[in-house]
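This report concerns only the one structure given below.
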Amino acid sequence: MQFISTSPRLANVSEPLTVRFLLLGLTLVYLLAMLVLPLGVIFVEAFRKGYETYAASLLTDDSIAAIQLTLLVAAIAVPANVVFGLAASWSIAKYDFKGKSFLITLIDLPFSVSPVVAGLIYVLMFGAQGYLGPYLQAHHIQIIFAVPGIVLATIFVTFPFVARQLIPLMQAQGSDDEEAALSLGASGLRTFFSVTLPNVRWALLYGVLLCNARAMGEFGAVSIVSGHIRGKTNTMPLHVEILYNEYNFVAAFAVASLLAFLALVTLGLKSALEWRYGGELAVSRGH
Amino acid sequence: MFWLGLIVLIPLAGIFTRAASLGLSDFFTILVDPRILEALKLSFGGALIGALINTLVGPVVAWVLVRYEFYGRGIVDAVIDLPFALPTAVAGLALAALYAPNGWLGAPLADAGIKVLFTPLGVIIALTFIGLPFVVRTLQPVLADLEPEIEEAAATLGASRWQTIRKILLPALLPTLLTGFALAFARAVGEYGSVIFIAGNLPYKSEIAPLLIIIKLEEFNYPAATAIAAIMLVMSFLILLIVNLLQGWARRRTGYAG
């Protein structure tokens, strides 16, 4: 029996060596052409005219304003979605109520809606011809073509990231730890900060990472609500587009290279988290 | 929960009430505009082709990553997520530069007489780019969980490797493959940032539906923008519904839970 069970594993449960090399080679070439070359082209184009030009095109007033706005938007949108993600996954994982699966579907909704449509819905709500338009105008509150609109649109598209990481993990962990803490006399707040939060911290970090990457890089939704006012409502991705349309390629690629660098850092940290805390994250993976 | 309603539900409902307030006849007059029809055709057609390419290539990539040991596998695995992590505008810019007639890939293709920049082919390439991780990432955990015992049993019973793949592995992966296809397709239909640079946005030729929404908005033609958005939402929903039904069918037929 020993003989039967081991020999096919060696011979027949894999492909012939030539096929394996062929598949591996094809995969590597395909990924190189489809994924690595686009990344490479950004940095090559950005430094085409040397380091000085690169730095100079990043240090214009408009570029600096775009970088600041992007950081500001992410600084509001990410914490907002962390609070929401914690609240949503807490109530979904620890309580039972009707319509729970409907709620989970709703949370995922922004993933399946086109970013352009996401932007459009805010224009329809808050724009000059929108539902709340007349009211907002009467009170001199500007949302569309201003920073609040950009923040709202960003929150919408990055809505699911944190919640999606936390819900499966919290569901798997159950509420035994919390019950133990509460029965030992800890307050609700204390239980949350010293039991629940540490339990999910790596998944939370993972969600924040993805949420932040998307918040800083969002283009479609923000493009609609921003109005592209230079130095005022231009985020980095929008600035890239404007520079490109003005044939200012070096500057466009320079700003793009910053965003690409952000993406690389995100990927690096993400892989490190997966490698180090793979078990915890495995529960919530599978997007 | 109030937050969810405020940010997601109310605005989304707004689209449909807006579209409904147009009335049916106005709605259809807008939609039979040939420019809009062409844009919808390109968005859905391009997304379909892109998702199909990924459904063919994705399993090979996932297979290689799960089953083969090779130097640098960790890095290759991380690279798969690049389309997720790279901002769409940056991806679009990069693809446009890469496939420009003087670009790294554009030049050899131009010599072969293939024009990518500002053609529907460019749109398809961009939509394939952003869809790849969806298929690979859905397949990977399922492939990793498949028990080698089944393949061993097939091999012991005299099945060739190709027979095992076709009769054992493929049916087991089919529901997951459909999920991956659906995710890649849904993403590609609404994609904007990574497409517009390489597409060049020539009306009737390489103009996608999301861009047309933006153009209509800039013309303050809110009814048209809303109508396109509504029809895109409904069509995406229908296609995802069909995929879901197919998935259920595949699952029942093969007895595997995807």
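A note on names: the letters A, B, ... follow the listed sequences, proteins ahead of strands, and every chain is numbered from 1.
For B:Phe129, the parts lying near chain A are the backbone and the side chain together; criterion is any non-hydrogen pair under 4.5 Å. For B:Thr128, the parts lying under 4.5 angstrom from a heavy atom of chain A are both the backbone and the side chain. Contact annotation for B:Ala154: neither backbone nor side-chain heavy atoms come within less than 4.5 Å of a heavy atom of chain A. Proximity to chain B involves both the backbone and the side chain of A:Leu23, based on heavy atoms less than 4.5 angstrom apart. Proximity to chain B involves both the backbone and the side chain of A:Phe253, based on heavy atoms less than 4.5 angstrom apart. Only the side chain of A:Ser223 comes within contact range of chain B, judged by heavy atoms closer than 4.5 Å.
Ranking A:Pro16, A:Gly119, A:Ala256 against chain B, the residue ahead of the rest is A:Ala256, based on heavy-atom pairs under 4.5 Å. Ranked by heavy-atom pairs under 4.5 Å with chain A, the first of B:Ala153, B:Ala186, B:Ser194, B:Ala78 is B:Ala78. Note: A:Leu39 leads A:Leu39, A:Leu238, A:Leu262, A:Asn245 in heavy-atom pairs under 4.5 Å with chain B. Of all the listed residues (A:Leu24, A:Ile42, A:Thr266, A:Val240), the one sharing the greatest number of non-hydrogen pairs under 4.5 Å with chain B is A:Leu24.
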Please report the C-alpha distance between A:Leu28 and B:Val64 in whole Å, then the side-chain angles of each, then the deciding distance to 0.1 Å, and finally whether the side chain to side chain contact (heavy atoms under 4.5 Å, CB included) criterion is met.
CA-CA 10 Å; A:Leu28 292 183; B:Val64 167; over 6 Å; no
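By the neighbour-count criterion of 12 heavy atoms within 6.0 Å, atom CD1 of B:Ile75 is sparsely surrounded, having that number or fewer from other residues, nucleotides or ligands. Counting non-hydrogen atoms of other residues, nucleotides and ligands closer than 6.0 Å to CZ of A:Phe261 gives a total of 12 or fewer.
For the atom pair OH (B:Tyr68) and CZ (A:Phe21), the distance works out to 10.5 Å, reported to the nearest 0.5 Å. How far CG of A:Leu210 is from CZ of B:Phe84: 9.0 Å, rounded to the nearest 0.5 Å. If you take CG on B:Leu132 and CE on A:Met34, they are separated by 7.0 Å, rounding to the nearest 0.5 Å.
For the pair A:Phe219 and B:Ile196, the minimum side-chain heavy-atom distance is below 4.5 Å. B:Trp104 places a side-chain heavy atom less than 4.5 Å from the side chain of A:Val44. Two residues are said to be in side-chain contact when any heavy atoms from C-beta on lie closer than 4.5 Å; A:Ser114 and B:Val189 fail this criterion.
Scanning all heavy atoms of the two residues, the minimum distance from B:Tyr192 to A:Gly220 falls at CD2-CA, 3.5 Å. Contact detail for B:Pro83 and A:Leu35: the closest heavy-atom pair is CG-CD2, 3.5 Å. The two residues B:Leu98 and A:Ala33 make their nearest non-hydrogen contact at CD2-O, 4.2 Å.
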When the side chains of residues 211-235 of chain B are checked against the rest of the protein, which donor-acceptor pairs come out under 3.5 Å, sequence neighbours left out?
residue  : atom : partner  : partner atom : Å
B:Asn221 : OD1  : B:Ala224 : N            : 3.3
B:Thr226 : OG1  : B:Tyr222 : O            : 2.6

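A side chain to side chain contact (heavy atoms under 4.5 Å, CB included) with A:Pro38 holds for exactly one of B:Leu82, B:Leu86, B:Leu93, B:Leu95; it is B:Leu95.
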